[in-house]
2 protein chains.
Amino acid sequence: MPITIEQVSQKTGLSVSTVSKALNDYPDIAPETKERVLQIARELNYQPSAAARNLRRKHTNKIGFILPFAVSYISEYVSGLITGAAMAAEATGYNIVLYTNQSNQHEQLAKICRAREVDGLLLRGTDHVDETFALLDHEEIPFVITGRRVDHPHASYIVPDNFGGSLTLMRHLIDLGHKRIAFTSRPALFETNTDRMAGYLEGLRQADIVIDRDLIIETSVEPHSGYSAMNTLLNLSNPPTALFAIHDLIAIDAMQAAFERGLRVPEDLSIASFDGIQATQITKPPITTARQPITDIGKRAVEMLLKRIADHSTPPMREIVPVQLIVRESTARAQ
Amino acid sequence: MPITIEQVSQKTGLSVSTVSKALNDYPDIAPETKERVLQIARELNYQPSAAARNLRRKHTNKIGFILPFAVSYISEYVSGLITGAAMAAEATGYNIVLYTNQSNQHEQLAKICRAREVDGLLLRGTDHVDETFALLDHEEIPFVITGRRVDHPHASYIVPDNFGGSLTLMRHLIDLGHKRIAFTSRPALFETNTDRMAGYLEGLRQADIVIDRDLIIETSVEPHSGYSAMNTLLNLSNPPTALFAIHDLIAIDAMQAAFERGLRVPEDLSIASFDGIQATQITKPPITTARQPITDIGKRAVEMLLKRIADHSTPPMREIVPVQLIVRESTARAQ
DNA sequence: CGCCATTCCGAAATCGTTTTAGGTAATGAA
DNA sequence: TTCATTACCTAAAACGATTTCGGAATGGCG
C-alpha cells in the first residue's frame, strides 16, 4: 500500500492538515516545521494520491487528445502534434491522455467531459461538428482546435499559414522562371485546401500569369491519386513545366508518374509540395516543400489551452503560424 | 457544475447508495428500480466523477506510456506502438496517458507509481535500467516491456522475432542464388541487434556459405551511416551481390550509395532490410523487408498488461511475435 | 399467529486529500 | 495586569463516489 499523508502525520507528530499545508507551502506554517515535514515526507517516499487530490481540487492536470477516426496507423502529422503537445504539457505538470475516436463521437466526448476526466481538450479540425462545440461550451471544458479555422465565438484554433506558404512556394517557382505551373488540388472539405489553392491563384496573379484551367486537377483521397493526375497533366498538348502538389504524398506519386514517362526531375519538371513530411527527404531527388512546424503547433496548442484552463474567461485565441519553405533538389530553373 | 449522484438521488427520491448500486447493477436492487434510476440518470446526463470513482475504487483505468528519451519527434515505430496500445486499451475502458521521458527518469517513474496515476505501465526496452524493475516491483505496478527480452523474473515482454525474421530474409536472398551477402550491423546494445545478426549467420550456415568478415560492417546511430557502410562494401575487390541491412533506414542510405556508383537495384545489387517502415514503399524500387507488426505489438502489449492488472498474481508473460517477409522490387535473382 | 427467509433499500463509513474556520499560546502594547 | 495581535497549528467539513452492514417489509410455512 502506498504511503498516505496520514502516515507522514503520524511520524511527524503533526496533524494531517499541517502536513498538507507544509507540503503545499502555505504561509501559516513555521519554516522549521515545513522543513521537517518535507524531510520526513521524502524519507517515507510520500507522494500525494492523484485521485484524492483530483477529487478535492477539482482538476486532473490531464489534457485529452482525440485520435483520428478509424485509426489503423496514425500519420506523421498526428504523431508530431502529439509529441509537441506532450512536451508542452509535461513542462507545466500536465499530461496528455489519448482517446481513440469511437463511432459515437459525441457520446464519447460527453462522457469525458461530464466525468471530468480531463481539464481541457485538444481537437483536430477534421473530425468534429458544430454540435461538439455546443457540448464543450455547455460543459465548460476549454478546448483548442488544430488545423482548421473554425468559425465559432468560443473556439480557439491554431493553423499553419496555408495561404502564405503556398504563395511563397509559388514565388519560388516563378522566380525560377516557370510560367506553366500545375496545381493538384483536393476536394475542398476544409479551408486547408481552399487556402492553398488561393495561394496558388494569388501567386499566378502577382506574376501576371493567366490561369489555365487545364493545369488544375482535383485529386481524391485514394492512395495513389497523384499518379493519375500527373499523367493527365503530362498528356496535355502543352504540359506544365512545374507542379505544385497540395501535399507531399501527391508529389511523390507525381514524381513516380513523371519518371515512368522518362522525364527527369527537376530538369524536365520541377515538383514542389506542402507539409514537409520526412518522406520528402528520401525521395530521389528530395522534394522542395513548405514545411508545417507541426511539433510547434502541438506545443503552442497546449500552451493556448493551458491559458484557458488557468482562466476560463480568457478570450478565445486564434493563431496562424508561418510555414517554412525548404528548397531541395526537385525544383530548378525552367528550361 | 456537473451533475452528481446526489442530484440523481434527489430526483429519484432514492438514497445515494441505492442509486449507485442501481447504476452498477448490483443484484439487491429491484429491476424496476434499476430501470427508473437508469432512466433518470440518462435524462440528467449523469456521469460519475472519474476522480471520486478512482479514489474509492483505487484504480484509474489508465495505462502509462513513457515516450522515448529526448523526443523532438517520435518515430513511426513508437507511434505505431501507441496506436495499437490506445486501441486495445480503449476497447476495455482504459486509456493511455503519455509521459515524456525526463532526465531523472527514476524520479519520474517513482512519482507516477506512488501517486497511483496509472494502473500499469508500458515500457520500451531501450530506455530503462534494472533499478526501474526494483521500483515497479516494490510499488506493485504491473508493467510490460516492448522490444527487448529482459531477463527479470517479474518482467513481461513482447518482442518481434528478430532471429526468425532475419533467417527468412536470408533464405529469400539465398533462394535467389546470392552467395555474397553483406550485413550492416549495429552496435550490440540490445539483443535486437545480436538476434538479427544471429539470423544472418544462421542463414549462411544453413546454406553452407562460409562467413566473410569483410561483408559484415557495423553502422553507427548517426543519420546516414548506411551510406558510408555501403561504400566500403562496394570498394571491396569482391563486392557483395546482396545486402541485408539491419533496419530500413540503413537500406535506404545504402541504395543511395549504390545509385551514385551507377549500380542498378536489384539487377546489380539486391537490398533487403528489417522493420517495414512506410518509407520502404516509396523508394524506387520499393524495398524488400521483414515487417514488424508494430500496431499488433502495441495492442498485444496492453492485453498482456491488462491481464496482469486484473490479477496481479498472473505470472509474467513473454511473447515473440512473428515477422512478415514482404518481397518487393529491391531483391532479384543473382546474375 | 409466530418465526424465518428473502428482497430491497438506506445509513454511514471510507477512499486520501485540501481548505475553512477556528483555537491556543506567545508577544507586545497600553 | 489586561487585551489585542500574531504566529502557528488543528478539527472537521468538504470533494463524490462505492461498499459494508443492517433494517424494514414481505412472504412462506408450520
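Every chain is numbered from 1, with letters handed out A, B, ... down the list of sequences. In this text the structure is predicted, and so the values were computed from the model without any measurement.
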Judged by atom type as modelled, is there a donor-acceptor pair below 3.5 Å linking the side chain of B:S156 to the main-chain atoms of B:R318? no
Verify the neighbour count for atom CG of A:D151: are there more than 12 heavy atoms of other residues, nucleotides or ligands below 6.0 Å? no
Have a look at B:T18 and say if it touches a base, only the backbone sugar-phosphate, or nothing, with a 4.0 Å heavy-atom cut-off. base
Rounded to whole Å, CE of B:M1 lies from C1' of D:dA14 at a distance of 15 Å
Do any of residues 26-37 of chain A sit with a heavy atom less than 4.0 Å from DNA chain D, and if so which? A:D28, A:I29, A:A30, A:T33
Partners meeting salt bridge (Lys or Arg N to Asp or Glu O under 4.0 Å) with B:D28 (sequence neighbours left out): B:K21
Over its full length, what angle do the end axes of the helix from C:dC1-D:dG30 to C:dA30-D:dT1 make, each axis taken from five pairs and the result rounded to 10 degrees? 60°
I need the A:E117 CD to A:N54 CG distance, nearest 0.5 Å. 11.0 Å
With no hydrogens and no angle check, just 3.5 Å: does a side-chain donor-acceptor pair link A:E35 and A:Q39? no
Compile the donor-acceptor pairs under 3.5 Å between side chains in residues 297-310 of chain A and protein atoms, sequence neighbours left out, one pair per line.
unit_1 : atom_1 : unit_2 : atom_2 : d
A:R300 : NE     : A:E319 : OE1    : 3.0
A:R300 : NE     : A:E319 : OE2    : 3.0
A:R300 : NH1    : A:E303 : OE1    : 2.7
A:R300 : NH2    : A:E319 : OE2    : 2.7
A:R308 : NE     : A:T314 : O      : 3.3
A:R308 : NH1    : A:H154 : O      : 3.0
A:R308 : NH2    : A:T314 : O      : 3.0

Which nucleotide of DNA chain C is the first, and which the last, in the 5' to 3' direction, to come under 4.0 Å of a heavy atom belonging to chain B? C:dC8 to C:dG16
What integer distance in Å separates B:K21:NZ from D:dG22:C1'? 10 Å
Could you tell me whether the side chain of B:V37 reaches within less than 4.5 Å of the side chain of B:L14, counting heavy atoms only? yes
Are the side chains of A:Q47 and A:P2 in touch, meaning some heavy atoms are under 4.5 Å apart? no
If the test is side chain to side chain contact (heavy atoms under 4.5 Å, CB included), which one of B:V19, B:V16, B:L38 qualifies with B:V8? B:V19
What I want to find out is whether B:R114 reaches B:E139 closely enough, with some N-O distance under 4.0 Å, to be called a salt bridge. yes
Interatomic distance, A:I141 atom CD1 to A:D119 atom CG [nearest 0.5 angstrom]: 7.5 Å
Spacing between A:D25 atom CG and D:dC9 atom P, to the nearest angstrom: 13 Å
What's the spacing between B:H152 NE2 and B:D137 CG if we round to 0.5 Å? 4.5 Å
For a quick test of reading the model: is some side-chain N or O of A:S17 closer than 4.0 Å to OP1 or OP2 of D:dA11? no
Would the number of heavy atoms belonging to other residues, nucleotides or ligands and lying under 6.0 Å from NE2 of A:H138 be above 12? no
When you measure from every atom of DNA chain C, which of residues 50-61 of chain B have a heavy atom less than 4.0 Å away? B:L55, B:R56, B:K58
Pick the nucleotide of DNA chain D nearest each of A:S15 and B:S20; which residue has the one closer to the 5' end? A:S15
Write down the distance between CZ (A:R116) and P (D:dA17), rounded to a whole number of angstrom. 12 Å
